[in-house]
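What's counted below: heavy atoms across the whole structure, side chains too, no hydrogens, waters or symmetry copies.
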Amino acid sequence: MKLIPHLIAGQPTSGAGGTAVFNPATGEQTAQVASGGRGEIDAAVTAARCAFPGWAATPPAKRAKVMYEMRRLMEARKDEIARTISAEHGKTHSDALGEVARGQEVVEFACGIPHLLKGAFSKNVSNGVDCYDERQPLGVVAGITPFNFPAMVPLWMMPMALACGNAFILKPSERAPSAPNLLHDLWREAGLPDGVLNVVHGGKDAVDAILDHQGIAAISFVGSTPIAQYVYARGCAAGKRVQALGGAKNHLVVMPDADLDQAADALMGAGYGSAGERCMAVSVAVPVGEKTADALVAKLKPRVAALKIGPSTDAGAEMGPLVTAAHRAKVSSYIDAGQAEGAQLVVDGRGLKLQGYENGFWLGGTLLDRVTPTMSVYRDEIFGPVLSVVRARDYEDAVGLINANPFANGTALFTRDGDAARDFADRIQVGMVGINVPIPVPVGFHSFGGWKSSIFGSHGVYGPEGIHFYTRLKTVTSRWPTGMRSGPQFHFTER
Ligand code: NAD
């Protein structure tokens, strides 16, 4: 059985223990991933601490050269990265290529690090006194990432942390560990010195060791809300800077004046793409008015029933399997609960079998109508190909529904009405908003982050927020002797 090792100081090490890794399309175990704890995290921190001073002292323009080379390598090997993602996650090849491209955007942004680290300078703030800001790296920082974007989410963190001059330890999801190891090898090939980036695999033991380690200055976490909350509380209690991005329940509002075909197509991609295993997936459609709702459901029903589901090797597939058998069972149980609680099952994806892939973790697209806010299918993040329709009486009802939801990652409004769009963007209590754009993931030179239970901490990831998170501000006020003596001063001086 293939063993996926930790990568510490550039060297593979396996240690004791391990977790099974599956191909979700076939249901077969394909590898065993190493499972680290305090020992491996200690070793990674030691390697990172050794490498940090040299890397932090490397001129930003030279660090940028590593970013440029990483960008080139990713472009040249994007097919291989995408295949590696799909083999453990199950997403289609084209979707995995999209994931690689979005991660690459952050590398591209990090290429501009000499400019991004420029500080403000104020000359002559007092007689002969100048004042300037600089942003210094934090030291050794860590990232803990989820299974659903095994390359993109680590790439939200690594280029930013590294370009800023930090050493980085990645603890990827144990369910999709191969793409992070491949990225590590590409960074090395791009010229990153050994020890500046380390990968330690594992679950709770490795995470707890990161949270408690006094040699780690900051933690970026992306995953489910309960774990995000835990990581934030324990990491902060240990004196670290923490950003912890959590789960989501994203609504797409369809106004009566919207182009319904466009809205239905958008809901198909945003609801069922990547089998709904995206933190920006739309899991709730909110048609405004009964007429809009009836027409929208009528358009969605045949589209959902006709979804092309298959393995990533099938170029025609629109959606792959779920990541594990346990996750499929969980998603399936939500469909049972929705039905029991009174939702109307319009399309049922349970029991799907694919010829030649009988043991894969398949679940067909599912559409539930007349879902209400008290049902568990509405309250909880399901993270599967299940779209719930919650019918809103009017626009205010739709806004009230979204603003009352504890999750606040993304949302979208489909309309032709500029007033409604402007009002929605202004009043909606959600971090990322789309106007006729179903999945408003910000591009690499903006920053990503939800509000409320979708984030803990004060910084979003990548873009300008990433620079701020991975550096700390120092402000220097300086005077050079001029020969003029003013004598001691015991009070603040007036300018
Ligand atoms: P998860 O919370 O189960 O795991 C995330 C990370 O935490 C993994 O590295 C895992 O090993 C670790 N972990 C799991 N249980 C732990 C525990 N008890 N103690 C300490 N560490 C633990 O999330 P997942 O299932 O891998 O990913 C899906 C979730 O991630 C969804 O909720 C999704 O919305 C969320 N997500 C959010 C964003 C965002 O930007 N807000 C992006 C992607 C995914």
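Counting only distance, with no hydrogens or angles, the side chain of Thr225 and the backbone of Gly247 share a donor-acceptor pair below 3.5 Å. Arg63 places a side-chain N or O within 3.5 Å of a backbone atom of Ala163 that can act as its donor or acceptor partner. Without hydrogens or angle criteria, Trp55 side chain to Pro193 main chain gives no donor-acceptor distance under 3.5 Å. Counting only distance, with no hydrogens or angles, the side chain of Tyr272 and the backbone of Thr366 share a donor-acceptor pair below 3.5 Å. When atom types are taken as modelled, the side chain of Asn250 and the backbone of Ala281 share a donor-acceptor pair closer than 3.5 angstrom. Formation of a donor-acceptor pair under 3.5 Å by the Asp133 side chain with backbone atoms of Thr475 is not found in this model. Not one N or O on the side chain of Arg38 forms a donor-acceptor pair closer than 3.5 Å with the backbone of His213. Not one N or O on the side chain of Asp314 forms a donor-acceptor pair closer than 3.5 Å with the backbone of Pro311. No donor-acceptor pair under 3.5 Å is formed between the side chain of Ser453 and the backbone N or O of Phe407. Using a distance-only test at 3.5 Å, with no hydrogens or angles considered, no donor-acceptor pair links the side chain of Gln136 to the main chain of Lys474.
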(request) I would like to know whether His6 and Asn198 meet side chain to side chain donor-acceptor pair (under 3.5 Å); could you show each step before the answer? (result) CA-CA 8 Å; His6 310 297; Asn198 304 276; over 6 Å; no
(request) Might you work through the salt bridge (Lys or Arg N to Asp or Glu O under 4.0 Å) test for Arg77 and Asp185, ending with a clear yes or no? (result) CA-CA 12 Å; Arg77 291 172 65 179; Asp185 294 348; over 6 Å; no
(request) Start with the C-alpha gap between Ser220 and Tyr470, add the side-chain angles, then the distance that decides, and say whether side chain to side chain donor-acceptor pair (under 3.5 Å) holds. (result) CA-CA 10 Å; Ser220 301; Tyr470 290 121; 2.6 Å; yes
(request) Any chance you could lay out the side chain to side chain contact (heavy atoms under 4.5 Å, CB included) test for Ile113 and Leu116, step after step, and finish with the verdict? (result) CA-CA 5 Å; Ile113 197 66; Leu116 296 165; 4.3 Å; yes
(message) Run Val100 and Ile85 through side chain to side chain contact (heavy atoms under 4.5 Å, CB included) and show every step you take.
(response) CA-CA 9 Å; Val100 176; Ile85 294 168; 3.9 Å; yes
(request) Walk me through it: do Lys240 and Val141 pass the test side chain to side chain contact (heavy atoms under 4.5 Å, CB included)? (result) CA-CA 9 Å; Lys240 301 178 198 315; Val141 300; over 6 Å; no
(message) Using the rule given for salt bridge (Lys or Arg N to Asp or Glu O under 4.0 Å), can you reason through Glu189 versus Arg72, listing the C-alpha separation, both sets of side-chain angles and the distance that settles it, and then say yes or no?
(response) CA-CA 11 Å; Glu189 205 177 322; Arg72 191 191 68 73; 5.8 Å; no
(message) Determine whether Gln104 and Arg71 satisfy the following criterion, side chain to side chain contact (heavy atoms under 4.5 Å, CB included), listing intermediate values before the conclusion.
(response) CA-CA 6 Å; Gln104 201 174 320; Arg71 194 217 165 270; 3.4 Å; yes
(request) Could you walk me through whether Asp79 and His93 pass the side chain to side chain donor-acceptor pair (under 3.5 Å) test, one step at a time? (result) CA-CA 8 Å; Asp79 261 313; His93 186 65; 2.7 Å; yes
(message) Pair Tyr230, Arg234 - check side chain to side chain donor-acceptor pair (under 3.5 Å), show working.
(response) CA-CA 6 Å; Tyr230 167 75; Arg234 188 157 166 174; 2.7 Å; yes
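Taking the six-membered ring for Trp and the full ring otherwise, Phe361 and His327 have centroids separated by 6.0 Å or more.
Considering every non-hydrogen atom in both Trp156 and Leu245, the closest pair reads CZ3-CD2, 4.5 Å. In terms of heavy atoms, Thr415 sits closest to Ala421 at CG2-CB, 4.2 Å. Of all heavy-atom pairs between Thr92 and Gly320, the closest is CG2-N, 4.3 Å.
At most 12 heavy atoms of other shown residues, nucleotides or ligands fall within 6.0 angstrom of atom CZ in Arg422. Other residues, nucleotides and ligands contribute at most 12 non-hydrogen atoms within 6.0 Å of the CZ atom of Arg472. Counted within 6.0 Å of NZ on Lys78, heavy atoms from surrounding residues, nucleotides or ligands total 12 or fewer; the atom is thus considered open.
The ring-ring contact (aromatic ring centres under 6.0 Å, His included) test applied to His459 returns Phe469, not counting sequence neighbours.
Under 3.5 Å, the side chains of His115 and Lys118 contain a donor-acceptor pair of N or O atoms.
In summary, of the residues considered (Lys91, Arg278, Arg83), a salt bridge (Lys or Arg N to Asp or Glu O under 4.0 Å) with Glu99 occurs for Lys91 alone.
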